[in-house]
Number of protein chains: 2
Amino acid sequence: MKPDTKRRLLDGTLETVRRGGIAAVSARSVAATAGVNQALIFYHFRSVEELLEAACRQATEERVALYRERFALASSLAQLLAVGRELHEAERAAGNVAVLAQLLAGAAGQPRLAAAVAESLATWTAEIEAVLDRVLGASPLADLADVPGLARAVAASFVGIELYDGVDPQGAAAALDALDQLSVLIDVFDDLGPVARRALAARTRKARRTRVP
Amino acid sequence: MKPDTKRRLLDGTLETVRRGGIAAVSARSVAATAGVNQALIFYHFRSVEELLEAACRQATEERVALYRERFALASSLAQLLAVGRELHEAERAAGNVAVLAQLLAGAAGQPRLAAAVAESLATWTAEIEAVLDRVLGASPLADLADVPGLARAVAASFVGIELYDGVDPQGAAAALDALDQLSVLIDVFDDLGPVARRALAARTRKARRTRVP
DNA sequence: GTCTATAGCTGGATAGAC
DNA sequence: GTCTATCCAGCTATAGAC
């Protein structure tokens with residue numbers, strides 16, 4: 001037996017998605033990039049869809065474990081944003097966010113795959129949520145921000161920008177830079193005096209009233 | 001002749017993408033939903049890829065034209081955000097953002113389609129950019145925000161959230177709500193006094209210095 | 001412009017030898 | 001566990017009748 005066949009197939013799947021998108025995935029193409037016989041896909045996994053599921057899970061678990069400690073080191077919003085940017089650059093280079101984006105698109109009309117992708121995203125957002133919660137605890141933003149929702153927005157935005165990057169790399173870079181600049185706005189709130197805090201608190205309550213009558 | 005065959009095919013394409021994602025698109029499936037003979041795809045368009053291109057362009061032009069006047073009516077950030085939310089709800093219901101997201105994913109490794117999708121996104125961001133520019137003119141945020149980049153970030157985030165919605169509708173809704181809440185933060189800046197404005201200006205310069213040494 | 005028919009290919013999946 | 005060979009469905013695209 002060749003004990004690494006499963007792994008080769010999983011890696012081959014991710015590589016295939018990276019290179020040609022979800023549309024390029026087939027039992028034959030994946031087997032070719034993996035350097036493995038095509039029939040083995042159906043022996044080790046039962047179908048191409050289940051291979052995709054497994055690849056999705058593996059990629060997520062590995063990556064999240066890798067970044068968990070870095071997240072834990074961030075103790076301020078500024079630091080978190082720095083880590084986030086760094087992480088994003090690394091994922092971009094490795095092409096993992098793009099893979100998740102492609103799987104997300106491919107999940108349409110494939111309930112099993114959709115569930116796996118949803119689980120992967122949940123793993124990511126849980127991580128983001130934990131850091132946001134810890135880091136925002138001291139900030140006046142804690143009252144304003146719905147942390148669980150914010151974590152999901154962050155994850156979804158990254159995915160969108162990664163897809164955008166596929167058709168317009170310069171545009172995607174500009175989008176990232178703009179978000180980076182905008183983060184200054186959040187920093188300011190942490191440093192502002194009590195006057196501004198009270199103003200924010202008032203506006204927050206007002207906004208909540210008008211939205212939920 | 002049936003003069004609406006082209007249109008039926010274009011509509012059928014979009015409907016097929018909406019229902020089953022980009023992976024469900026084939027000459028046969030589109031022809032079936034359009035109620036048109038399969039061979040006509042290759043008569044009117046030259047290939048399935050070019051049909052997708054044309055459908056992408058049509059959907060974008062129609063929609064952008066539809067919303068241009070609504071954008072023009074917004075004269076404050078708050079109003080713009082309201083319009084944006086409304087627009088997004090409508091697009092979500094019609095499924096057009098999801099279509100764009102699917103095309104974006106399908107564009108990987110298809111240069112011609114990628115160009116068409118990039119053009120569609122450019123049309124959208126140009127519109128967003130124009131409104132942002134006008135609306136932010138009076139705000140102190142004009143100094144901080146890189147409007148072209150911000151417009152691209154907004155478009156990409158919508159796309160990401162739309163894909164997310166496909167596998168986890170509740171999560172996507174939470175993300176949208178969080179962004180909505182966060183928009184209050186921007187409003188505050190417009191209403192704040194000169195003290196806060198000076199603080200923001202100082203922080204902005206500082207951030208710019210550290211980023212571009 | 002529209003239809004039928006079909007060539008030619010690639011896809012998922014399985015049977016069975018090793 | 002791995003490989004060859006193969007079945008059959010579905011795909012793009014074209015030829016040619018109408």
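Residue numbering restarts at 1 for every chain, and letters A, B, ... go by the order of the sequence lines.
Between B:T5 and C:dT2 there is a side-chain polar atom (N or O) within less than 4.0 angstrom of OP1 or OP2.
The separation between B:I41 atom CD1 and D:dT14 atom C1' is 14 Å, rounded to whole Å. The CZ atom of B:F42 sits 5 Å away from the P atom of D:dA13 (whole-angstrom rounding). For A:L9 and D:dC3, the CG to P distance is 11 Å, given to the nearest whole Å. In this entry the distance linking CZ of B:F45 with P of C:dG1 reads 12 Å, nearest Å. In this structure, CD of B:Q38 is placed 19 Å from P of C:dG1, rounded to the nearest angstrom. The distance from atom CG of B:N37 to atom C1' of D:dT14 is 13 Å, rounded to the nearest whole Å. To the nearest angstrom, C1' of C:dT2 lies 9 Å from OH of B:Y43. One interatomic measurement links the two molecules: CZ of A:R28 to P of D:dA5, which rounds to 13 Å at whole-angstrom precision.
Taking the charged nitrogens against the carboxylate oxygens, A:R57 and A:E61 have no contact shorter than 4.0 Å, which rules out a salt bridge.
Distances were taken from every side-chain heavy atom of B:L40 (C-beta onward) to each of C:dG12, C:dT2, D:dT2; the shortest belongs to C:dT2.
Residue B:V36 is classed as having no contact, given no heavy-atom separation below 4.0 Å to the nucleic acid. Contact annotation for B:A39: base contact, defined as any heavy-atom pair under 4.0 Å involving a base atom.
Counting heavy atoms from C-beta outward, A:R152 and A:E129 have side chains that approach closer than 4.5 Å.
In summary, the side chains of A:S29 and A:T16 do not present any donor paired with an acceptor at a separation below 3.5 Å, with no hydrogens or angles considered.
In terms of modelled atom types and a separation under 3.5 Å, the side chain of A:E49 and the main chain of A:L113 share a donor-acceptor contact.
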